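Reviewing the structure listed below.
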Amino acid sequence: ETAVKPKPVGQTQAKRFYGVTELDATRFARDANTITQEIIQHFASLLGAEVEVTLEISAKVPGGIPENVIRTVTENCRTLQFRTQSFEEE
């Protein structure tokens with residue numbers, strides 16, 4: 001094992017992290033699991049760490065989104081307690 005060297009007095013230490021990446025919708029579960037293992041768990045294991053993960057979804061449908069899909073997604077967002085959700089006509 002390599003010993004962690006103490007920071008010199010007066011040297012600042014990072015206290016926040018922010019990262020953004022895009023995930024392939026067809027491989028979302030696999031990629032999210034990898035991010036959990038390779039990134040999130042390192043922060044979550046730190047004493048006193050507050051880790052927040054936000055999921056943002058953006059979908060464009062050139063032919064238009066059918067009403068039944070709008071109803072289903074709207075209800076699912078409500079059930080899953082999404083902070084915000086909206087549909088736009090562009």
Side-chain angles (χ1 to χ4, degrees):
E1 289 185 32
T2 305
V4 177
K5 295 180 182 178
K7 288 253 181 214
V9 175
Q11 187 173 354
T12 60
Q13 185 172 4
K15 294 187 180 179
R16 291 183 180 262
F17 168 82
Y18 180 75
V20 176
T21 188
E22 291 184 23
L23 303 178
D24 183 331
T26 61
R27 298 183 193 143
F28 179 79
R30 183 200 69 189
D31 293 348
N33 184 51
T34 300
I35 290 168
T36 299
Q37 291 175 5
E38 302 298 331
I39 307 296
I40 297 169
Q41 78 168 1
H42 293 287
F43 292 117
S45 68
L46 298 174
L47 184 63
E50 295 176 19
V51 181
E52 180 179 297
V53 178
T54 304
L55 174 63
E56 181 176 306
I57 302 167
S58 175
K60 293 181 183 178
V61 183
I65 303 169
E67 283 298 319
N68 65 318
V69 173
I70 291 173
R71 280 192 305 274
T72 300
V73 169
T74 299
E75 180 59 31
N76 290 346
C77 285
R78 188 175 13 261
T79 300
L80 295 168
Q81 300 180 342
F82 269 47
R83 219 181 277 169
T84 182
Q85 61 89 20
S86 67
F87 289 90
E88 301 171 355
E89 293 181 4
E90 204 163 15

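For this chain, numbers begin at 1 and follow the sequence in order. These numbers were taken from a predicted model, which means no experiment stands behind them.
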Hydrophobic cluster membership, [X] vs [Y], 4.5 Å side-chain cutoff:
| X | Y | result |
| --- | --- | --- |
| V69 | F82 | no |
| L46 | I39 | yes |
| L80 | V73 | no |
| L55 | I40 | yes |
| V51 | L23 | yes |

Enter the distance from [X]:[atom1] to [Y]:[atom2] here, rounded to the nearest 0.5 Å.
| X | Y | atom1 | atom2 | answer |
| --- | --- | --- | --- | --- |
| K60 | E88 | NZ | CD | 10.0 Å |
| E22 | D31 | CD | CG | 12.0 Å |
| I57 | Q85 | CD1 | CD | 10.5 Å |

E75, CD: over 12 other non-hydrogen atoms inside 6.0 angstrom: yes
Side-chain touch V53/I35, heavy atoms, less than 4.5 angstrom: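 V53 vs I35: side chains apart.
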Validation row: N68, R71 side chains within 4.5 angstrom (heavy atoms):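 The answer is yes; the side chains approach within 4.5 Å.
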